[in-house]
Amino acid sequence: MTGLVQPPTSDQPMVKAEGVRKSYGLVEVLKGIDLEVRRNEVFCLIGPSGSGKSTFLRCINHLEKINGGFLSVDGELVGYRMKGDKLHELKDREVALKRRDIGMVFQRFNLFPHMTALENVIEAPVQVKKENRTDAKERAMALLERVGLADKAGNYPTQLSGGQQQRVAIARALAMKPKLMLFDEPTSALDPELVGDVLDVMRGLAEEGMTMIVVTHEMGFAREVGDALVFMDGGVVVESGHPRDVLTDPQHERTKAFLSKVL
């Protein structure tokens, strides 16, 4: 257990889950998840609704507290510290400090409606990291340009399409300079013609070596960009491997049945 809190090494996974369990009352949503996400890897999670994918993603940055097992990011336990042989939950302030290094993009864009695109991107660096506002604004403009929205910097969320709002949300997450990006079905709320622009931004991040965990229904993206893929169902990992292998030659009957409906 002590190995989970050692300083990171070059071969240490960015994310490691060991027997991770999560329950809501009597309902067990995660039933012992074991997986590793390597640095600079695009790790895709697929599976039917209710399989536990999004819950697991939220556990990674302690938006949900696990009920069992161990979960570490960059060699440090998530939301806890080990004292002797016991886990002690970190204080909210300590959790918030660690969460700064993990960017998350949700299904819904969650932009501040009273702020422009630019203001949305600079808010966290200025308020949380206490960055100089001028520097934060300069970097925010560069990020908006990177996601193809420099000309929309002064627009409010209601003046943007869903796809544009999601790209602003990605720029906002990147403004905190995260070492890990979590994407929770980032295109599922978008009209089909808007999906491509968001996926293009994510492809660019993958090419730059950003470590990403992506809960997705976009099988083409998983096949093309993913380095590893896990199929979850009923709160367990049913099958895992390289995306092309799992998607073209699934070994488990449950995986075959799921893919036959989505491919």
Side-chain angles (χ1 to χ4, degrees), residues 14 39-44 57 60-61 63 96-97 99-218 220-222 224-227:
M14 178 62 79
R39 296 170 191 278
N40 312 120
E41 184 172 61
V42 178
F43 191 98
C44 297
L57 207 67
I60 292 173
N61 62 1
L63 288 176
L97 284 172
R99 195 178 284 146
R100 297 188 312 181
D101 295 327
I102 304 173
M104 187 159 185
V105 178
F106 298 88
Q107 205 170 1
R108 295 290 173 180
F109 326 119
N110 294 347
L111 297 178
F112 296 116
H114 62 290
M115 293 183 179
T116 65
L118 180 64
E119 290 167 342
N120 265 281
V121 176
I122 68 173
E123 178 70 7
V126 170
Q127 298 298 328
V128 178
K129 285 193 167 182
K130 307 303 180 185
E131 289 186 14
N132 176 279
R133 193 171 189 86
T134 301
D135 294 341
K137 183 176 179 179
E138 183 178 334
R139 196 155 53 81
M141 281 303 302
L143 286 169
L144 287 172
E145 184 171 356
R146 180 176 174 181
V147 300
L149 292 173
D151 61 329
K152 303 293 185 182
N155 288 40
Y156 290 90
T158 55
Q159 299 170 314
L160 301 172
S161 70
Q164 290 170 335
Q165 289 185 61
Q166 193 61 294
R167 282 184 280 155
V168 172
I170 293 173
R172 179 179 61 179
L174 292 174
M176 293 293 281
K177 301 178 183 176
K179 56 189 173 187
L180 170 66
M181 285 284 286
L182 309 176
F183 291 88
D184 188 6
E185 299 186 16
T187 60
S188 63
L190 303 179
D191 293 332
E193 67 269 22
L194 303 177
V195 168
D197 290 338
V198 173
L199 293 181
D200 284 344
V201 172
M202 294 171 65
R203 285 189 188 93
L205 291 176
E207 290 169 2
E208 294 169 14
M210 173 65 74
T211 307
M212 301 159 59
I213 304 179
V214 185
V215 173
T216 185
H217 293 298
E218 300 291 339
F221 174 85
E224 176 192 346
V225 183
D227 298 299

Can you measure from [atom1] ([X]) to [atom2] ([Y]) and round to the nearest 0.5 angstrom?
X	Y	atom1	atom2	value
Leu199	Phe183	CG	CZ	10.0 Å
Glu224	Arg203	CD	CZ	4.0 Å
Glu185	Leu190	CD	CG	11.5 Å
Met181	Ile213	CE	CD1	11.5 Å
Leu180	Glu41	CG	CD	11.0 Å

Under 4.5 Å between any side-chain heavy atoms of [X] and [Y], yes or no?
X	Y	result
Leu57	Phe106	no
Leu174	Leu205	yes
Phe109	Asn120	no
Val198	Val105	no
Val214	Phe221	yes
Val225	Met212	no

Search all heavy atoms of [X] against all heavy atoms of [Y] and return the closest pair with its distance.
X	Y	result
Ile122	Ala140	CG2-CB, 3.2 Å
Gly103	Pro178	N-CB, 3.5 Å
Gly209	Asn40	O-ND2, 2.8 Å
Gln165	Leu160	NE2-O, 3.3 Å

Expected output: side-chain [X] to main-chain [Y] donor-acceptor under 3.5 Å:
X	Y	result
Asp101	Lys179	no
Asn132	Thr134	yes
Asp227	Val42	yes

Scan the side chains in residues 123-130 for donor-acceptor partners under 3.5 Å anywhere in the protein, sequence neighbours excluded, and list what turns up.
unit_1: Lys129; atom_1: NZ; unit_2: Met176; atom_2: O; d: 2.7
unit_1: Lys130; atom_1: NZ; unit_2: Gln127; atom_2: O; d: 3.0

Legend entry - Residue Arg133 excluded, over 12 heavy atoms near CZ under 6.0 Å: no
Legend entry - Whether over 12 other heavy atoms sit under 6.0 Å from Glu138 CD: no
Legend entry - Pairs flagged by side chain to side chain donor-acceptor pair (under 3.5 Å) wherever residues 166-175 is involved - sequence neighbours left out: none
Could you pull out every donor-acceptor pair under 3.5 Å between side chains of residues 143-158 and any protein atom, sequence neighbours left out?
unit_1: Arg146; atom_1: NH2; unit_2: Glu208; atom_2: OE1; d: 2.2
unit_1: Arg146; atom_1: NH2; unit_2: Glu208; atom_2: OE2; d: 3.4

Legend entry - Steps toward side chain to side chain contact (heavy atoms under 4.5 Å, CB included) verdict (Glu218, Met202): CA-CA 12 Å; Glu218 300 291 339; Met202 294 171 65; over 6 Å; no
